[in-house]
Colleague: 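Here it is, the structure, as C-alpha cells.
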Amino acid sequence: MDPLAKVLNPPQLEAVRHGEGPLLILAGAGSGKTRVLTHRIAHLLREGLARAPEILAVTFTNKAAGELRERVRKLVGASDAERMWVATFHAAGARLLRREAEALGLTRSFAIYDDGDQLAEVKRAASDLGFDAGTAKAHLSRIDKWKNAGLLPAEIELPEYDVPGKTALKVYAKYQAALQSSNALDFGDLIVRVVELFKKRDDILQNYAQRFRYILVDEFQDTNPAQYQLLRLLSSVHGNLCVVGDDDQSIYRWRGAEVDNILDFARHFPGTRTVRLEQNYRSTGRILAAAHSIIEKNERRAEKKLWTAAGDGDKLRVVVAEDERDEGARIASELYAQNARGTAYSEMAIFYRANAQSRSLEDALRARRIPYRVVRGRSFYDRAEVKDIAAYLRLCVNPRADGDLLRIINTPPRGIGDTTVDKLRASAIRQGLSLWESLEDPELPSNVRSKLLPFKALIEKLRSGVSASAADAIELVIEGTGYADRLRLEGEEGEERLENLMELVGAAREFDRAWNGEDPVTTAPEPAPPPKERPLVPNPLTQTHGQYMRAVRAPGALGSASLTDDAPGLKPDMSAALAAADRDEADTPLLGFLEQLALVGDADAEGGGDRAALMTLHAAKGLEFDAVWMTGLEERVFPSGRALGQTGPTASGAEDPAELAEERRLCYVGMTRARKKLTLTLARCRSLFGELRFNQPSRFVRELSPDLTEGLGALERLAERPQWGAQKTDDDFDQRPRYPGDPPTMRNKMRFSRDEPASKPPMKEAAPGVDRVGSGSRVRHPTFGVGTVEGVDGVGPARKLEVRFGPGVGLKRVLARFVDKA
DNA sequence: TATTGATTGTTTTTT
DNA sequence: ACAATCAATA
C-alpha cells in the first residue's frame, strides 16, 4: 500500500496524486490543505512529473510562504526546495520584475512603494493636476480598485457622467507616470505590471509559461482579478494550475478579492478536477456544527460541510456583558480560570471586529496581569523613523526615486522648506529630469542652490560610503545625516525612536549574516537556552519580540529555520528564507534587506512566551487556538455597521447583502479557529464613536441553536428589558432604572469590584511577560544576548532598561518590549 | 517654520 | 472619544 495513504485521507490522496490538468481543491477550515500542497509538490517531483525549477507555489502571506517552503524542504530536501519558486504573489512578482525590469523601462533596483509612499505620490499627482490634494485618498482607493482589477490607465473607459471617476483616472495616469520616472512600483504594480509585461512581450511570457510546468496557489479565494489574469497567463502553456481555497473563508472582498474566482474556476478551466476536503482535524463537532449553521445561510457557495472524527465537545457559550469594560473583565477572568485549569495562555485568543475594540480588552487583561500580545500589522517597519532611513537608503540605490528624496530632503530639518522644494520640483518638471538631477540646476536662484547643494553632497557622501552590508549602511545613514543627533535632542520620544533604529540595525545585522551564510552570533555568555540539536538563532524579523528559532542550515545555503510538526511554536525564519529566494535577483544584502523591508512586515512576529493573543478576526485567519473568545457580537459591531448601511460615507440605511455575506464568512472564519472551546461575548451597551449605544445582539448569536450553545437565556432576558436612548455620561448610566439581576452600576463596581477578586491573582511563573522584569533580572535580548538589568526607566513594555550584557557588548539601554526573561 | 485650533472621519489592511 | 490632518496664525 502507498505509504502516503497513511498520512492522507482519500480526498487528500486524490488531490496529491492528480496529474496533469487543472485541479480545484476546496479545502474547508482545518482540513489539512497545507499538507496536501506539500505532499503534492513532493509527489510531482518523485513521479518525475516536474523538476524543482518548474514548480511555482504562491501564497498571500510571507508566513504561509515560509511555512510552505519549510515543510516542502522537509519532504524533498533543501536543494530541490531552493530551486523552486515558493513565494507570495507580490514577492514572486517583484522577483520576476527585477529580472525583466528593462523590458518595462525600469532598472533592477526599482523601489517598492508602500501605502504611505503611494498616498504621498497620489497627493502630488493630484495637486500637480490642479486638483485638491485632500481628495487624494478617494482617488487612491479608485486607483487601487483599478489595479486590483488589472486595469492600467490606458485600458479604462468611463461613462461621460462619471465625473469623479474621470478626475481619478487623470490622477491615476499622472501617478503611474510619476512612479515610472521614479523607477518605482507600488504593491499593485507587482502584479499588474507583470500582466502588462506578459501582454506586451509574448517572448517573455512564453519563457515563464514554459518554465512553470506546475503552478500551485494557496488561499485562492482571496485572489483579485489581476492575480487571476496573471495565473491564467502563466499556466497557459501547461495548464497545470492547482488552486486551493475555501470560498467560505473569503474575507478580503474590500481589497479586491473576487470569490467568483474560486466559485467559477471549474467553469473557466474546462477539464478541472474538483476535490473537496471536508474532514476537519481541528475543532470539536459542536464548533463545526455551529460554524456551519452560520455559513450555510450564505447563498452563493460551493456546497461543503465539515465533519470530524473527534467528539461533540463542549457547548459553545454566549456571555452577555453589561458594557465593554464588563466584557473585558469577564473574558479576563475566564482566561485566568482556563489557565488555572491547565490551558496555556498561548493557546487562547480573543478576536474582535475592529482594532478599536482592543483597548477595553487590553485594559482588562492588564488589570488582571494576564500576559497577552496584540497581533497587529507591520507596526515596527511602519514607524516614521524606519521609513525615513529606508528612504535615504533607497535614494542612494535609486537616485530617480523622487518620493524618497522629497521625504527626507528636510528630515532632519536643514532649512529646505516648501518654497525651496517647489522651486526644485518646478525645475525638474520643466526640464523633464528627476529631482535628484535637478538639484544643481544652474537656473535655480543661488539662495535655493546654496541649500540644495549641501544636501546633494550629503547623499553623495552616503552613496559612496554605503557598502554591501545593510547594517553598516543604516548606521552610516543614522549618524551621517544628523538624524541621530536630531533625535537625541528630542528627549523622551526621540530616545525611543533611536532605540527603534538600533533595533533596525540589529535586524539588518542578522540579515547580513544570513546573507553571507554565516552562523548567527550568540552573544549569550552562558549556554544557549534550550538545548536543541542546533543553535538558536534570533530571527531578525521577529526579534522585536525576542523570539528564538531553530537554525537549520543546508550545505552552502542560507540559514533558515523550520516550522515542524514536532516543534510547535517555532516559526520559519522569514528573512533568511527570503534572502535565499531572492539572492540571485538582488546583488547585495543591502538590496535584499530593502526588499524585505518593503515586502515583509513584522506582522508574522509571534510573541515569545506564554501569552494570550488579541487580534482582529481578519488577522485570525489561518491560525488556531484551544480556546477562543469572539467579542462584540452585536449588530453594528459584528456584523459591522457598514454592512448594515448604518455607518460611514455609504450609509444608506439599507443592508448590503454582499457585505453581510462577507461578515458571515468572517464569523465562520473566527469560529473555526477554535479547537475546543468557543465563547461569544456581547455587551448590552457599548461606547462607540463617542456615544453610548445599545446594540441588538448580533444575528450571529441569535441564530445559534440551543443544542449547541449555553447562555442563550441571557439574550432573552436582555430582549425583555426596555431600551433607553443614548446616554452620554457615566452618571446617566448609573441612574438607569435597576432591574433584579442587573449587575452593579459603575460606581458600585468600584466599591464592590464584582469581577475583580479582592486580591490580585498571583502571577504565574509560566507567564514570562516583560512586565515584571526589574533591576537584577536576567533578560535576553535578541541582538545583545543575555544580560542583567541594572536600571529601569518608566513603566510598561515601552520603558527602558539599562542592561549589562556580556563582554564586548557592555551596558546598553534597551526597550523592555525587546527583551524576554532569561 | 513651528504651533495652534478646527475639522474630519473613523472595518477589516495578506502585500 | 479620539487621533490625525489641515488651514490659519504667530
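In the text below, chain A, chain B and the rest are named by the order of the sequence lines, each starting its count at 1. It should be emphasised that the depicted structure is a prediction, and the values quoted were computed from it without experimental measurement.
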Colleague: Sequence neighbours excluded, which residues qualify as salt bridge (Lys or Arg N to Asp or Glu O under 4.0 Å) partners of A/Asp260?
Modeller: A/Arg300

Colleague: Looking at A/Arg664, A/Gln221, A/Arg665, A/Arg301, which one forms a side chain to side chain donor-acceptor pair (under 3.5 Å) with A/Asp248?
Modeller: A/Arg301

Colleague: Look at the side chain of A/Ser250 and the backbone N and O of A/Asp247, then say whether any donor-acceptor pair between them is shorter than 3.5 Å.
Modeller: no

Colleague: Aromatic contact between A/Tyr175 and A/His139, with the criterion being ring centroids under 6.0 Å apart: yes or no?
Modeller: no

Colleague: Under the salt bridge (Lys or Arg N to Asp or Glu O under 4.0 Å) rule, collect the residues that match up with A/Arg193, sequence neighbours excluded.
Modeller: A/Glu196

Colleague: State, without any angle test, whether A/Asn398 and A/Ser109 hold a side-chain donor-acceptor pair at a distance under 3.5 Å.
Modeller: no

Colleague: Could you check how far CZ of A/Arg359 sits from P of B/dT10, rounded to whole Å?
Modeller: 19 Å

Colleague: Under 3.5 Å, which donor-acceptor pairs do the side chains of residues 403-412 of chain A form with other protein atoms, sequence neighbours left out?
Modeller:
residue  : atom : partner  : partner atom : Å
A/Asp404 : OD1  : A/Arg394 : NE           : 3.3
A/Asp404 : OD1  : A/Arg394 : NH2          : 2.7
A/Asp404 : OD2  : A/Arg394 : NE           : 3.0
A/Arg407 : NE   : A/Asp388 : OD1          : 2.7
A/Arg407 : NH2  : A/Ala384 : O            : 3.4
A/Arg407 : NH2  : A/Asp388 : OD1          : 3.1
A/Asn410 : OD1  : A/Arg414 : N            : 2.6
A/Asn410 : OD1  : A/Gly415 : N            : 3.3
A/Asn410 : OD1  : A/Ile416 : N            : 3.2
A/Asn410 : ND2  : A/Ile416 : O            : 3.2
A/Thr411 : OG1  : A/Arg407 : O            : 3.0

Colleague: Check every nucleotide of DNA chain C for an atom under 4.0 Å from a heavy-atom of chain A, then give the first and the last such nucleotide from 5' to 3'.
Modeller: C/dA1 to C/dC6

Colleague: Do any of residues 250-263 of chain A sit with a heavy atom less than 4.0 Å from DNA chain B, and if so which?
Modeller: A/Tyr252, A/Trp254, A/Arg255

Colleague: Are the side chain of A/Gln249 and the backbone N or O of A/Lys621 linked by a donor-acceptor pair below 3.5 Å?
Modeller: no

Colleague: Parallel, tilted or perpendicular, judged at 30° and 60°: which one describes the rings of A/Phe198 and A/Tyr208?
Modeller: tilted

Colleague: With a 4.0 Å cut-off on heavy atoms, is A/Asn355 in touch with a base, just the backbone sugar-phosphate, or nothing at all?
Modeller: sugar-phosphate

Colleague: Between C/dT5 and B/dT12, how far apart are the C1' atoms? Round to whole Å, please.
Modeller: 22 Å

Colleague: With A/Phe89 as reference, evaluate A/Thr61, A/Asp218, A/Asp222, A/Ile191 under the side chain to side chain contact (heavy atoms under 4.5 Å, CB included) test and give the passing residue.
Modeller: A/Ile191

Colleague: Are A/Trp146 and A/Tyr172 close enough that their ring centres sit under 6.0 Å apart?
Modeller: yes

Colleague: Between protein and nucleotides 1-7 of chain B, what N or O pairs are separated by less than 3.5 Å?
Modeller:
residue : atom : partner  : partner atom : Å
B/dT1   : OP2  : A/Gly417 : N            : 3.4

Colleague: If you look at every strand shown and take non-hydrogen atoms under 4.0 Å, does A/Thr616 touch a base, only sugar-phosphate, or nothing?
Modeller: sugar-phosphate

Colleague: Hey, does the side chain of A/Asn62 come within less than 4.0 Å of B/dT14's phosphate (OP1/OP2), counting only N and O?
Modeller: no

Colleague: Look at all strands and tell whether A/Lys123 reaches a base, only sugar-phosphate, or nothing, counting heavy atoms closer than 4.0 Å.
Modeller: sugar-phosphate

